[in-house]
**Q** 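I am attaching a structure below and will ask some questions about it afterwards.
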Amino acid sequence: MDYTSEFLKTLNARGYIAQCTDDKALDAATNDGIITGYIGYDCTAPSLHVGNLISILMLRHLQQAGHRPIVVIGGGTTKVGDPSGKDESRQLLTQDKIDENKKTIRATFERFLTFGDGPTDAIMVDNDEWLSDLNYIEFLRDYGRHFSVNRMMSFDSVKLRLDREQPLSFLEFNYMILQAYDFLELNRRYDCTLQMGGSDQWGNIVNGIELTRRCDQNSVFGLTTNLLTTSSGAKMGKTAQGAVWLNDDMLPAYDYWQFWRNTEDADVGRFLRLFTELPLDEISRLEKLEGAELNDAKKILATEATAMCHGRDAAEKAEATARDTFEGGGTSADLPSVAIEAKQLAKGLGLLEAFVIAGLAKSNGEARRLVQGGGAKVNDTAQDDTTATLTEADVQDGTIKLSFGKKRHVLLRP
RNA sequence: GGAGGGAUGCCCGAGUGGCUAAAGGGGACGGGCUGUAAACCCGUUGGCUAUGCCUACGUUGGUUCGAAUCCAACUCCCUCCA
């Protein structure tokens, strides 16, 4: 449909929207004045990853369009565990671990949103505040009666698990009720009328909307985005090292830049619209580039996306480092580096061990296979001897450059 | 509570006394081709002080020269019955 509000027009033009519970009414509401919208994040890991990025950017667009975003940290719901999209119960996290994760996740949002006390300033709340104090019997009588088990069984998050004959604990079964209650509570506390999320959250969101209507007769909205996949259908956000984290102590800005730089051709336009804030006509020009020229668009994508997450300086530094490394064929002093002791070189550091110390290989065995497969380089020279050692003679300009394949490089600094 | 079925490497899944560090597939990684892309082709995919040693087929014991494979007990899951 054709939207009239700035918020929905932007999301639509940039390809964010998958489903909306009532897009006409939401369009009208966002035109009418400031609305408050929220997205919840469970703290199952110490950092969010690119899979969460779309939703974070939706909050950002919400704020830029003159509305108020709420970030809900799932301190309470994490204790239960969302069964959506998972085959098996996740291991339950300890309270300590949850608290720790909460702390490190918070920082990420400050890059993307403006927090404060103003009418459109973002706020962050933890659902542990209201969930942990619930009284079981009271909760069941007040809210549990609004949920039909028959209906709950039909939601994908539950149905998929049952169809695949995977166990679903009663604990997890309650997740959707708690998330629904979150929405009701946010509506009461902050007049929040919109919940957004990935399309896997559709069921949970709809439950919250219904609960709010049944309890308080308020009508609220849900809006979802498509889950992020590459054109070739692969789940996005995994690299050799694991997930693509947003916190730079989990993944350096250089590696984050590299992640975007390696985008598939077919995804460039889509990603530029979703993950950068370049004007749309500029994007349509970039995505029309063909062949090797498309690489220029990928560099812009990488730099813009990295700038938003790690700052413009870090992004440009990553770009320069990549240029030196890949196009200059040389070594940039800004590649990720690992310190080693001079003593180790004096007595000769095993080649395999060096790769492990650098964090490029998980074990000597992996390093050995790399050498045997012809993918190991020292100072850009291929290595074929698994028993070789590194000495002071290998130090060039104060470092030894180790390469794992063509793309992953680390400098050892004695 | 009863009856039956199941648990294998990152995932799926074959194996039902020695030839099994365990077929096959997926994923991942490396190489080739390219454009730091995709597709395709080739290779690798438990660890180590390495012509050997250690760990591994739910857990713990047992039988055997030898067990993922046979036996017992236990744990967990699934299906049906009550």
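Protein chains get the first letters and strands the later ones, always in sequence-line order, with residue 1 at the start of each.
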**Q** Run through A/V378, A/N379, A/D394 and flag the one making a side chain to side chain contact (heavy atoms under 4.5 Å, CB included) with A/L402.
**A**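 Exactly one candidate clears the test, A/V378.
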**Q** Distances under 3.5 Å between protein N/O atoms and the N/O atoms of nucleotides 44-47 of chain B, please, pair by pair.
**A**
residue: B/G47; atom: OP1; partner: A/S363; partner atom: OG; Å: 2.9
residue: B/G47; atom: OP1; partner: A/R369; partner atom: NH2; Å: 3.3
residue: B/G47; atom: OP2; partner: A/R369; partner atom: NH2; Å: 2.5

**Q** Test your reading of the model: is there a side-chain donor-acceptor pair from A/Q383 to the backbone of A/T381, 3.5 Å cut-off?
**A**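 Yes, A/Q383 side chain to A/T381 backbone: donor-acceptor pair under 3.5 Å.
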**Q** If you measure from the P atom in B/U51 to the same atom in B/G18, how many Å do you get, rounded?
**A** 28 Å
**Q** Mind calculating the distance between CG (A/L370) and P (B/G30) to the nearest angstrom?
**A** 8 Å
**Q** Could you state the atom-to-atom distance from CD of A/E353 to C1' of B/U49 in whole Å?
**A** 11 Å
**Q** Between C1' on B/U36 and NE2 on A/H409, what's the gap in Å once rounded to a whole number?
**A** 9 Å
**Q** Taking C-beta and beyond as the side chain, do A/K299 and A/W257 meet within less than 4.5 Å on heavy atoms?
**A** yes
**Q** Within this structure, what is the CZ-to-C1' distance between A/R368 and B/C29, rounded to whole angstrom?
**A** 17 Å
**Q** Centres of the A/F7 and A/H61 rings: under 6.0 Å?
**A** no
**Q** Please check this pair: side chain of A/N247 against backbone of A/D249, looking for a donor-acceptor N/O pair closer than 3.5 Å.
**A** no
**Q** Give the nucleotide from the list B/U36, B/G35, B/A38 with an atom nearest to the side chain of A/E264.
**A** B/A38
**Q** Which of parallel (below 30°), tilted (30 to 60°) and perpendicular (above 60°) describes A/Y143 and A/F139?
**A**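 Plane angle between 30° and 60°, so tilted.
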**Q** When rounded to the nearest Å, what value does the distance between C1' atoms of B/A68 and B/A56 take?
**A**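 Rounded to whole Å, the distance is 10 Å.
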**Q** Would you kindly compare A/G375 and A/K406 by the position of their nearest RNA chain B nucleotide and give the one closer to the 5′ end?
**A** A/G375
**Q** For A/Q258, answer base if it contacts any base atom (sugar-phosphate contacts may also be present), sugar-phosphate if it contacts only those atoms, and nothing otherwise; contact means non-hydrogen atoms under 4.0 Å.
**A**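 It contacts base atoms.
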**Q** If you measure from the C1' atom in B/U34 to the same atom in B/C78, how many Å do you get, rounded?
**A** 50 Å
**Q** Between B/G6 and B/G15, how many Å separate the two C1' atoms, rounded to a whole number?
**A**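 Result for the C1' pair: 16 Å, nearest Å.
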**Q** Tell me the interatomic distance from A/E293, atom CD, to B/U34, atom C1', rounded to whole angstroms.
**A** 16 Å
**Q** Taking atom C1' in both B/G43 and B/C33, what distance in whole Å separates the two?
**A** 15 Å
**Q** If I pick the P atom on B/C74 and the same atom on B/A3, what distance separates them, to the nearest angstrom?
**A**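 Rounded to whole Å, the distance is 13 Å.
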**Q** Provide, to the nearest angstrom, the distance between the CH2 atom belonging to A/W260 and the P atom belonging to B/G35.
**A**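 So the CH2-P distance, A/W260 to B/G35, works out to 25 Å.
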**Q** Distance check, P atoms only: B/C12 and B/C81, in whole angstrom units.
**A** 28 Å
**Q** Starting from P on B/A37, measure out to CD on A/E290 and report it in whole angstrom.
**A**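 Going from CD in A/E290 over to P in B/A37 covers 19 Å.
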**Q** If I take atom CG from residue A/L301 and atom OG1 from residue A/T263, how far apart are they, to the nearest 0.5 angstrom?
**A** 4.5 Å
**Q** Between A/E210 and A/R151, is there a salt bridge with N-O shorter than 4.0 Å?
**A** yes
**Q** Taking the side chain as C-beta and beyond, is there a heavy-atom pair between A/T120 and A/H67 under 4.5 Å?
**A**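 Of all side-chain heavy-atom pairs linking A/H67 with A/T120, none is under 4.5 Å.
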**Q** Dot-bracket, RNA chain B: Watson-Crick or G-U, under 3.5 angstrom, [ ] crossing, | other strand?
**A** ((((((((.[[[..)..(.....]]]((((((.......))))))(((...)))...[[[[[..)....]]]]]))))))).
**Q** Using a 4.0 Å heavy-atom cut-off, does A/G374 contact any base of the nucleic acid, only the sugar-phosphate backbone, or nothing at all?
**A** sugar-phosphate
**Q** Kindly indicate whether a cation-pi arrangement holds for A/R408 with A/F404, taking the cut-offs as under 6.0 Å to the six-membered ring centre and within 45° of the axis.
**A**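 Output yes; distance and angle both within limits.
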**Q** Between atom CZ of A/F183 and atom CG of A/L178, what is the distance when rounded to the nearest 0.5 Å?
**A** 15.5 Å
**Q** How close or far is atom P of B/G30 from atom CG of A/L360, stated in whole angstroms?
**A**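 So the CG-P distance, A/L360 to B/G30, works out to 11 Å.
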**Q** Write down the distance separating the C1' atoms in B/U8 and B/U55, rounded off to the nearest Å.
**A**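 Rounded to whole Å, the distance is 16 Å.
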**Q** Does A/A322 reach a base, just sugar-phosphate, or nothing at all? Heavy atoms under 4.0 Å.
**A**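 Answer is base: heavy atoms of A/A322 come under 4.0 Å of a base.
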